[in-house]
Amino acid sequence: QVQLVESGGGSVQIGGSLRLSCAISRNTAGSYCMGWFRRTPGKEREAVAVFGISAGAYYLDSVKGRFTVSKDAAKNTLYLQMSSLNADDTAMYYCAADPAFYAVAVECGSRLLRSGFWGQGTQVTVSS
């Protein structure tokens, strides 16, 4: 089983930056799908930035060029660096992973939404 714990959320002004972290339980050797998702009231959860087989990470169009996903294998930690934040970025952010599955990033996103392991979420609020 896999456990994930998000941190780093909070309240920030429009144009500001935040860095989210996701600590993943240690028994997760090898390459597998992992990524960040978010949910806003009135909308279903959507993929924000997802790692898959090396072809570049998938990014939601509205965050392209503003968000950067990265990972530290030694620390079993996934990151999401967010900059130039706007009000539309306000959401609950979740990380997800599936150590038993690996595919191109867009397919990883679909798989994780269906059956991935999820963290509890961390709230990001962007205001003026």
Side-chain angles (χ1 to χ4, degrees):
Q1 294 184 342
V2 178
Q3 290 189 322
L4 306 96
V5 180
E6 302 95 334
S7 62
S11 182
V12 64
Q13 293 181 339
I14 293 173
S17 299
L18 282 174
R19 188 193 192 199
L20 307 184
S21 299
C22 173
I24 306 172
S25 58
R26 290 183 58 83
N27 192 21
T28 53
S31 299
Y32 54 91
C33 294
M34 62 181 73
W36 290 95
F37 301 77
R38 69 186 182 187
R39 184 173 63 193
T40 300
K43 297 179 62 178
E44 294 186 348
R45 188 148 41 189
E46 62 185 353
V48 175
V50 180
F51 275 125
I53 294 173
S54 296
Y58 163 83
Y59 289 96
L60 185 67
D61 284 347
S62 62
V63 309
K64 184 77 173 180
R66 300 189 297 116
F67 291 12
T68 302
V69 62
S70 61
K71 59 184 176 182
D72 186 331
K75 297 181 178 179
N76 291 326
T77 302
L78 184 70
Y79 301 98
L80 184 67
Q81 180 66 51
M82 306 184 294
S83 62
S84 300
L85 288 163
N86 58 60
D88 292 335
D89 296 317
T90 295
M92 184 72 75
Y93 284 74
Y94 303 84
C95 61
D98 186 349
F101 189 78
Y102 199 46
V104 296
V106 293
E107 189 62 30
C108 281
S110 297
R111 169 79 173 201
L112 292 170
L113 285 169
R114 292 193 302 270
S115 60
F117 293 92
W118 294 85
Q120 82 289 342
T122 185
Q123 178 68 39
V124 172
T125 302
V126 185
S127 64
S128 61

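By convention here, the first residue in the shown sequence is residue 1. The analysis underlying the following values was restricted to heavy atoms, covering all of them including side chains, and did not include hydrogens, waters or symmetry mates.
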**Prompt:** Does some side-chain heavy atom of S25 sit less than 4.5 Å from a side-chain heavy atom of N76?
**Reply:** no
**Request:** Taking all non-hydrogen atoms of both residues into account, name the closest pair between L78 and S70 and its distance.
**Result:** CD1-O, 3.4 Å
**Prompt:** In terms of hydrophobic clustering (I, L, V, M, F, W, Y; side-chain heavy atoms under 4.5 Å; direct or indirect links), are Y79 and M34 co-clustered?
**Reply:** no
**Prompt:** Quick one: ring-ring contact (aromatic ring centres under 6.0 Å, His included) partners of F51, sequence neighbours excluded?
**Reply:** none
**Item:** Flag if over 12 foreign heavy atoms under 6.0 Å of CD, Q81
**Value:** yes
**Y32-F101 co-clustered via ILVMFWY side chain contacts under 4.5 Å** = no
**Prompt:** Quick one: do I14 and V12 end up in the same hydrophobic cluster if we chain Ile, Leu, Val, Met, Phe, Trp and Tyr together by side-chain heavy atoms under 4.5 Å apart?
**Reply:** yes
**Request:** Begin with the C-alpha distance, continue with both residues' side-chain angles, and end with the deciding distance and a verdict on side chain to side chain contact (heavy atoms under 4.5 Å, CB included) for V50 and W36.
**Result:** CA-CA 6 Å; V50 180; W36 290 95; over 6 Å; no
**Side-chain (E6) to main-chain (Q120) donor-acceptor, under 3.5 angstrom** = yes
**Message:** I'd like to know if the side chain of T77 reaches the main chain of K75, judged simply by a donor and an acceptor atom lying under 3.5 Å from each other, with no hydrogens or angles considered.
**Reply:** yes
**Check: T125 main-chain N/O paired with T90 side-chain donor or acceptor under 3.5 Å** = no
**Asked** Under the side chain to side chain contact (heavy atoms under 4.5 Å, CB included) criterion, do R39 and Y94 qualify, and how do the steps go?
**Response** CA-CA 8 Å; R39 184 173 63 193; Y94 303 84; 2.8 Å; yes
**Side-chain (T40) to main-chain (A91) donor-acceptor, under 3.5 angstrom** = no
**Prompt:** Where do A103 and C33 come nearest, in terms of heavy atoms and distance?
**Reply:** N-SG, 3.9 Å
**Prompt:** Would L112 and D98 count as a side chain to side chain contact (heavy atoms under 4.5 Å, CB included) if you check the C-alpha gap in whole Å, the side-chain angles of each, and the deciding distance to 0.1 Å?
**Reply:** CA-CA 7 Å; L112 292 170; D98 186 349; 3.8 Å; yes
**Message:** How long is the straight-line distance from SG of C95 back to CD1 of I24, given to the nearest 0.5 Å?
**Reply:** 6.0 Å
**Complete:** Heavy atoms of G56 and A105 approach each other most closely as O-CB, 4.1 Å
**Prompt:** Is the F37-W118 ring centre distance short of 6.0 angstrom?
**Reply:** yes
**Message:** Quick check: closest heavy atoms across R66 and L85, and the distance to 0.1 Å?
**Reply:** NH1-CA, 3.8 Å
**Asked** If you take all heavy atoms of S127 and S11, which pair is closest and at what distance?
**Response** OG-OG, 4.3 Å
**Message:** Using the rule that Ile, Leu, Val, Met, Phe, Trp and Tyr join whenever any side-chain heavy atoms are under 4.5 Å apart, tell me whether V106 and L80 fall into a single cluster.
**Reply:** yes
**Prompt:** Roughly how far, to the nearest 0.5 Å, is CG of D89 from OG of S62?
**Reply:** 7.0 Å
**Message:** The criterion is side chain to side chain donor-acceptor pair (under 3.5 Å); which residues satisfy it with E107, sequence neighbours excluded?
**Reply:** none
**Those residues that, when tested against S7, pass side chain to side chain contact (heavy atoms under 4.5 Å, CB included) (two or more places apart)** = S21
**Message:** So that I can tick it off, tell me whether E46 and R38 are bridged by a salt bridge, with the cut-off set at under 4.0 angstrom between side-chain N and carboxylate O.
**Reply:** yes
**Message:** Tell me whether Q123 contacts the main-chain N or O of Y93 through its side chain, where contact means a donor paired with an acceptor under 3.5 Å.
**Reply:** no
**Message:** Looking at every heavy atom in both C108 and G52, which two are closest together, and how far apart are they?
**Reply:** SG-CA, 3.8 Å
**Message:** Checking L20 against M82 for the side chain to side chain contact (heavy atoms under 4.5 Å, CB included) test, could you report, in this order, the C-alpha distance in whole Å, the side-chain angles of both residues, the deciding distance, and whether it holds?
**Reply:** CA-CA 8 Å; L20 307 184; M82 306 184 294; 3.8 Å; yes
**Message:** Within the 4.5 Å heavy-atom criterion, are Y58 and V69 side-chain neighbours or not?
**Reply:** no
